[in-house]
2 protein chains.
Amino acid sequence: MASSTSVIPNSVIPTTVNPDLQKERDAASFSSEEFAAWWAGGEEVLKFNRGVREYMEKDVDYSEMLQLQNKTHEEIIEFSTRGAIDGAKKLRRLQEERNPSGDVYWPNMYDNQVMWGLVPGGNPFGVMYVMLVKALQAQCTPEQYEDFGKRVERFEICGTYAQTELGHGTYLRGLETRADFDRKTDEFVLNTPKISSYKWWPGGSPTTAWLWLSCTSTNKCKGPHMFFIQVRDEDTHEPLPGVHIGDIGKKMGFIGVNNGFLGLKDVRIPRTRMLMRHAQVKADGSYVSSPTNVLTYFAMVRTRCVVARGNAIMLAAAATIATRYSAVRRQSPINPNEREPQIMDHVTQQMKLFPEIATSVAYRKASDYLWNLYDVTIKDIENGKYERLPELHSLSCALKVTCSMDSAAGVEKLRLACGGHGYLTSSNMSSIYVSATAACTYEGENTVLLLQIGRFLMKTWRAALTGAPLPPTVSYLAEVQKNPEFGKWTGSWENMVKAMQYAAANRTQLAFKSLSNRLTRGETEANAANHTGIEFTQAAELHGRAFVFSAFTEAVTGPKSKTRSANFNRVLENLLELYLVKETLNQMGHLLRFINLTDTDLSRLQDRLETVLTKLRPDAVAIVDGFDFSDLQLNSTLGSYDGNAYERIFDAALKNPMNQKSVPKSFHEILRPFMKSNI
Amino acid sequence: MASSTSVIPNSVIPTTVNPDLQKERDAASFSSEEFAAWWAGGEEVLKFNRGVREYMEKDVDYSEMLQLQNKTHEEIIEFSTRGAIDGAKKLRRLQEERNPSGDVYWPNMYDNQVMWGLVPGGNPFGVMYVMLVKALQAQCTPEQYEDFGKRVERFEICGTYAQTELGHGTYLRGLETRADFDRKTDEFVLNTPKISSYKWWPGGSPTTAWLWLSCTSTNKCKGPHMFFIQVRDEDTHEPLPGVHIGDIGKKMGFIGVNNGFLGLKDVRIPRTRMLMRHAQVKADGSYVSSPTNVLTYFAMVRTRCVVARGNAIMLAAAATIATRYSAVRRQSPINPNEREPQIMDHVTQQMKLFPEIATSVAYRKASDYLWNLYDVTIKDIENGKYERLPELHSLSCALKVTCSMDSAAGVEKLRLACGGHGYLTSSNMSSIYVSATAACTYEGENTVLLLQIGRFLMKTWRAALTGAPLPPTVSYLAEVQKNPEFGKWTGSWENMVKAMQYAAANRTQLAFKSLSNRLTRGETEANAANHTGIEFTQAAELHGRAFVFSAFTEAVTGPKSKTRSANFNRVLENLLELYLVKETLNQMGHLLRFINLTDTDLSRLQDRLETVLTKLRPDAVAIVDGFDFSDLQLNSTLGSYDGNAYERIFDAALKNPMNQKSVPKSFHEILRPFMKSNI
C-alpha cells in the first residue's frame, strides 16, 4: 500500500459493537427475535436455517468476498465456481450426516439464501437446479430421466436451460433454432442457421449437457420442444463437433454466473433425446401433440412466486444495510450547536428508509399468500378443477411485476440514502440493485406481463358485465360495477384496500372503453389491444397493488395476529400503516381521478405519514435485525452487525490490490514521461 | 474461443447499414442535420466539434473499448490513464497547430464529450481540470498561482480536490482534518486525527500535489480553508513522510477514475501554502477573514449547470442506443400471421423511448436557459448587484436535482427497454446509468439541495405575503397569492406551465403552513424545518419542474423558432407536447389536489399522449441521429449508427478473454474433480 506512515493500526476493525447501534437495539420496543422467527416461518425454521448457515459460512474469508469486484471477468467466474462447488460439498455432507435418505439439504437449499455468503456474484449452477432439473423432471419420460436426468440431479454432468436466442426472448414461437427429423437415421439434425438463432443467455457451466428448446420439424414446424444434447466431451470438456459454445461476456450483475452462447451446425442426436413425456415424435416421423400445457403454465406461476419472494428479500437486505449505516453515521446538526445527529434522525432520511422496510415486508407477505393459493390450486388441479388457473397466473404476473419494479427502485433509493459510500462496490448496494433490477426482465419481461394481465382484466370486466361469477381476487371488479359507494373514502386500512381496488377497477373500465371504442372504429382486436397498451399496463399495475394491499392487511390484522405479542403486533401495524399511506400517496394521481378526497383527508394522510415515521424510528434497527441476515450474506462494509462502517470501508480499501504497491505501474510507463515531455 | 465449428465468419459485422434503420432515416419528416446544428449551438459549432472529434478518435480501437469491463480494477485504471494522456496529447497538438496562443482545444475540451470515446470509464484527470485548476485560479494569490497553479495547469504536476472525508461530506463545518499554525516555524501542521477524518473520494491521480480543504486553526478553529500540499515525490512518485495515500477501491461507476484516500500525520507545510486570495493567516498568527463568499457560491451555480447539461446529454446517449435498437429488433407480431414488427411499433415501447428523448431535450434547453441567466448575473455582480444570486443558486440546485433524478430514472427505463441485451455491459447502458445516478449524490446531495430550496421557498413565500417584489423565476408565487384563477385548467402549453407553477405554489403554501404551525406550537426553527422536511422537498421538486416547463416552452415557442424550418419546428413542438403531457400526468397526484380537471380533461390528456407518440414514431431515429454521437462515444453494441446490433453483440462476446481458450481452467481444477468424486 502507498504509505510511508499510517495512523491506522494493522487491524482496523474493532471487536465491539458501535455504541450508536447498540443504543438502538437496547431501546427497541419489541423483540427482534420474535420478528426473526415470524419472518422465517416459525422458531423451528429459524433455528434450522441458522444452523445450516453457520455450517455453510464456517471458514469463508469475508474480506476476500469484498474484493470480488476488483477481479477480471474470468477470475470472478472462477471464484464463483469454487464457491458454488464448496457449497455443494457442504450441503451434500450435511445431507449425508443428518438425513441420508432425504433431500432437505441437498439439493434443496442449493439455490437458497444460505448460499449467498459463498457466491456473492451469484451461483453459476443456480439455473441448473432451479430450472433444468425441474424441467427434466417435468418433461422426461421415466426412461429418459433414468438415462440422463438423474445424472444431472447427482451433479455427475451439468447443464443449463437454453431457451432464449440472440434474436428472440419473449416471443417463443419466433425461435429460429431448428431440429429436423431424419427418418433414415432416426435422428434429429440441429442447426442455428443465423447469428440471431444462436442460443444466448443460458446461465451456468454446461460440461456435457444442455437442455434446449427449439422448433422441431417433421416436414413442418410444430412449435417449440425440448431436447437434451451433449455439447462438450465429458472428460476433456472440449466442445463436440458442430458445437460452437462460449461466454457472452460481462453483465451488469450476476457477475459470477457464466452465461453462455451456443451455436449448432448439423449436430445429430438420437430421436430419443427429445423430451417426450408430453409431445412425441415417433420413429415413422408422426407427431403426437401434448394433451395439456397446464403444468408448464403452473411451473411459471411457481417461478414467479419465487422471483417475488426473492426480490422482497433483496429489498430487506438493502434496507438492513442502509438502516444500520443511518444509525452509525452522524451528519449535519439539526439545531445549531447541538451534536450532529444520527442521520436517521433527519425526517427526510426516515422517508428514504422506513417505507422500503415496509415494502419488503408487504411483498414478502403477499408472496406467501400467493404461495398458499398456489398450494390450494395444485390440489384443485389434481382433482381436475382448472378454474382458478388464469386468475392465479395473472396474479403471479402482477406480483412479479410490481415487486421487481418496486424492489429495484427501493434498493436504489436505499443506496442513494447511503450517500457517496453507497457508490462503493464494498457497500454491496450496487450489486443488490443489479440483482433486483434483473428480475424486471427475466421470467417474463414486465411490460409483456402487464399486457397479459391487462387482457385478462378486459376479459374479466366483460364477464362481470354479463353477471358471470368471478374468482375471489378479482371479484372486486363486479362489486365496483354494482356499488358506486365502493370507493368512498374513510381512511381506514380496510377502506384503503377498497380504494386501491376501486382505482384498479376504474382504470380497467377506462381501458375497456378505449378498447371497445377502437373495435367499434373497426380496428382489429390485435391493433386495438396494441393501441390501448398504455392503459392496459396502468390497470394491471393497480390490480397488482390492490392485491398487495389486501394480502398485507390480511397478514397483519388477520386471525394469526393472536399468536403474536402485543408489542410485535404494534410494530407490524406501524409497518402496515406506513405501507398503505405511502403507497396511497404514491398512487394519488390515479386515486383522485376516481375518488373524492377532501383537502382535510389529504392533509390527514400527510400527518399519518409523518406520525408513523416517528413511531417507527426507535424500532428501525431492531426490525432489520429481525430480517436475520448474516454479515456474509449482506457482504457490505456499511451494513455489518457491529456497525463499524468506517473501519470496514477502510479495511476493504487497504486490501484492494491497487494498494499493495506504493507506486502504480502506470506512473512510470504513462504519466511521468508525459509530464516531463511538454507534448 | 470454445469452438470446433462456427457458423460465424471471422468478421461478423457487415459494412452496410441495417435496412430497418435505413428505412427510418429515409422516411423522417425533417433533417437530422438541422437538429444536430441546433443541438450543438449552430452549424459552425457542430462542424468544429465534429472535426475535433474525428481527430481525437482516429486510430482508437473500438473493440478494445468494449472489453473494458472484463479487466481488473487496476487494469481499468491503467487503461483509462493511457486514454486520458493520449487525449491530452492530441488536444495539445491541436492547440499547437491551430491556435498556439489560445486555449480553445487544450485544456478547454479536456473534460468535454470529445473525450468520451477515449476514456469510457471516465477521465482520471477530469476533476483536475474541472475543479482543481478552477479552484486554484479562484483562491490563489497571483504569486501562488505563478508558483504552483500554473504547473498544474500545464500538467507538469497533477493533483486533485480533496474535500470530502470518510466521516463528512455534506456538512463542511464538520470536517475533522486539522491545520494547526505553528508561529515558531511559520508552518501549518496537518493531521487527520481519526479514521473518519481521512480524505476520501478525491478523484484522480495526484503525483505531487493535492489541494484540500480543512479546518485551519490559530488557537481556535476558523472553519474550512484550502491548502496546497505535496503528497508524493515528483520523480519517484513515492508518498512523502507522514502521508498515507491509496485507492478507495472499485465503485459502481467511473471505474476508470482512481478515487483516493489521504491521511496525514504531522505533515508540515509553509504558511504560504494556504490559499490566501481571500482569507489569510499572517505570520503573527492573526487571521483575516474573507470579505465575501459570493464567488464560491457562484462557482457552485456554474458546476450545477454543468452537471444538469451533462446528465441531459447522458440521457440523450441512452435514448440514442435504445431507439436505434428498437428500430432493428423485431419481436412479437401485433396481428397474428403478420411479420414481427420493429419493437418500436409496440405502443408500450414508444412510451418507454419517446418521453425520455423529450426529457433529454427539455433538460438540455433548461440548462442552456440557466447558463444564460448565469452570464447575465455575473455581469450584474461585476456591477455590484447581488440581488439575483439566491434565486439563481436555488434554481441551479433545483435543476441539478430534477435533472439528475429524472435522467437516471430515464436511462434505467431505456436500459430496461432493451430487454436482456440491455443487461450486457457491451450495451453500455449500465455504464451510462451509473454515471447518471452518481450526479444524484455529488455536487450537493439531492435531498440536501431540495431542503435548501425549500427554505428559500419559505422565505420567498413570506416575502410575497408582505408584498415585497420577487425575482422573475419565483414571481409566480406572488401571482398565485393574488389570483385564484391562476391555475384554472385549459390545457394549452402556456396553461400547463401555469398549472405546474400553481401546484408548486400551493405545495409551498402547505409547507409554509405546516412550518408555521410547528413554530406556533413552540418548536425551534430548526426542529420545525426538520419535521417539515418531506413537504419542503415536495415543494422544491415542483418548483424545479415548473422551471423546466417554462424554459422548454420558451425554447420551442419563443422568437428563435423563426430561425428554424417549419418541419423541424413541428418535431420540436411534438417533443414539447409529449414532455408537458407526460410530466403533467406524472405529477397528477399533486395537480389534482389543487386544480379541478374534469374527467374529459383527463381523458383528453391520455388521448394527447397517445396521439403525440404516434406523431413522433416516424421521426424517432432521425431525432436521436440529431444528437450526433459517434459510435465510440456511445460505445455500445446495441446503438451503433449502422444498427448491426446482433453482429456487434456477437463480435464483442467472441473477443471476450473468456473465449480465447476452449476449456476454462476452472474445469480441470474445480469442476471435474468434484463431478467425479461423488462427495
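A, B, ... follow the sequence lines: proteins, then strands. Residue 1 opens every chain.
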Residue among A/E234, A/E535, A/H590 with most heavy-atom pairs under 4.5 Å to chain B: A/E535
A/H531: ring-ring contact (aromatic ring centres under 6.0 Å, His included) partners, not counting sequence neighbours: none
Donor-acceptor pair between A/S603 and B/R593 side chains, under 3.5 angstrom: yes
Heavy-atom pairs under 4.5 Å with chain A, option from B/H668, B/M588, B/E340 with the top count: B/E340
B/I77 versus chain A, the contacting section by heavy-atom distance below 4.5 Å: side chain
Closest approach of B/F674 to A/A88 (non-hydrogen atoms, all atoms of both residues): CZ-CB, 3.7 Å
Nearest atoms (heavy-atom pairs only) where B/N527 meets A/I334: OD1-CG2, 3.5 Å
Atom CD of B/E96 with >12 non-hydrogen neighbours under 6.0 angstrom: no
Pairwise side-chain contact, A/L416 with B/N446, heavy-atom cut-off 4.5 Å (strictly under): no
Contact origin within B/R173 toward chain A - heavy atom pairs under 4.5 Å: neither
Exercise: do B/K89 and A/S677 side chains pair donor with acceptor under 3.5 Å: no
B/K71 portion near chain A, given a 4.5 angstrom heavy-atom threshold: backbone
Contact summary for A/G420 and B/T441, nearest pair of heavy atoms: N-CG2, 3.5 Å
Chain B contact via A/E610 - side chain, backbone, both or neither, heavy atoms under 4.5 Å: side chain
Rounded distance [0.5 Å steps], OG in B/S662 versus NE2 in A/H237: 9.0 Å
Residue B/K665 versus chain A: region with a heavy atom under 4.5 Å: side chain
Whether B/D247 side chain and A/N659 backbone form a donor-acceptor pair below 3.5 Å: no
Close side-chain approach of B/L450 to A/T348, heavy-atom, < 4.5 Å: no
From B/N335 atom CG to A/T524 atom OG1, the distance as rounded to the nearest 0.5 Å: 3.5 Å
Distance (rounded to the nearest 0.5 Å) between B/T81 OG1 and A/E669 CD: 10.5 Å
Taking every non-hydrogen atom, the tightest pair across B/M675 and A/F155: CG-O, 3.4 Å
4.5 Å side-chain heavy-atom contact, A/R232 and B/V663: yes
Rounded distance (nearest 0.5 Å) linking atom CG of A/N258 with atom CE of B/M658: 5.5 Å
Heavy-atom contact with chain B under 4.5 Å, split by part of A/Y646: both
Pick from A/W201, A/F536, A/F254, A/Y442 with the largest number of heavy-atom pairs that fall under 4.5 Å of chain B: A/W201
A/H421 side chain to B/L166 backbone, donor-acceptor under 3.5 Å: yes
Contact origin within B/E75 toward chain A - heavy atom pairs under 4.5 Å: side chain
Distance in Å, A/E412 CD paired with B/C440 SG, rounded so as to fall on 0.5 Å steps: 7.5 Å
Proximal component of B/Q606, with respect to chain A [non-hydrogen, under 4.5 Å]: side chain
Options B/A652, B/G249, B/S332, ranked by heavy-atom pairs under 4.5 Å with chain A, top entry: B/S332
Those residues that, when tested against A/E74, pass salt bridge (charged side-chain N to carboxylate O under 4.0 Å, His left out) (two or more places apart): B/K661
Largest heavy-atom contact set with chain A, pairs under 4.5 Å, which of B/S430, B/G533, B/G253, B/G419: B/G253
Interface moiety of B/V448 toward chain A, non-hydrogen atoms closer than 4.5 Å: neither
Option that, when pairs with chain B are counted at under 4.5 Å, heavy atom only, ranks first among A/G169, A/S196, A/A84: A/G169
Chain A interface, residue from B/D345, B/L671, B/T164 that has the most non-hydrogen pairs under 4.5 Å: B/L671
Nearest heavy-atom neighbours spanning A/T437 and B/Y423: CG2-CE1, 4.4 Å
Side-chain touch A/T425/B/H73, heavy atoms, less than 4.5 angstrom: no
Nearest non-hydrogen partners of A/A653 and B/I248, listed with the distance: CB-O, 3.7 Å
Chain B contact via A/A409 - which portion, at a heavy-atom distance below 4.5 Å: neither
Pick from A/H346, A/R672, A/E445 with the largest number of heavy-atom pairs that fall under 4.5 Å of chain B: A/R672
Proximity breakdown for B/M252 and chain A, heavy-atom pairs closer than 4.5 Å: both
Chain B contact via A/L451 - side chain, backbone, both or neither, heavy atoms under 4.5 Å: side chain
Contact origin within B/T537 toward chain A - heavy atom pairs under 4.5 Å: side chain
Distance, nearest 0.5 Å, that separates NE2 of B/H168 from CZ of A/R330: 10.0 Å
Short side-chain donor-acceptor distance under 3.5 Å, B/E78 and A/S666: no
Atom group of B/L597 that falls short of 4.5 Å from chain A, counting heavy atoms: neither
Engaged part of B/Y433 at the chain A interface, taking heavy atoms whose separation is under 4.5 Å: side chain
Side-chain heavy-atom pair A/L424, B/W200 within 4.5 angstrom cut-off: yes
Donor-acceptor pair, side chain of A/Q331 and main chain of B/Y171, under 3.5 angstrom: yes
Pick from A/T236, A/L510, A/L585, A/T532 with the largest number of heavy-atom pairs that fall under 4.5 Å of chain B: A/T236
Contacting region of B/Q69 [heavy-atom separation from chain A under 4.5 Å]: both
Toward chain A, the part of B/D235 with a non-hydrogen atom under 4.5 Å: both
Region of A/K352 in contact with chain B, defined by heavy-atom distances below 4.5 Å: side chain
Top contributor to chain B interface from A/N530, A/L609, A/L592 [non-hydrogen pairs under 4.5 Å]: A/N530
B/R82 versus chain A, the contacting section by heavy-atom distance below 4.5 Å: both
Pair B/F261 + A/F650: ring centers closer than 6.0 Å: yes
Non-hydrogen side-chain atoms of A/I534 and B/Q350 separated by less than 4.5 Å: no
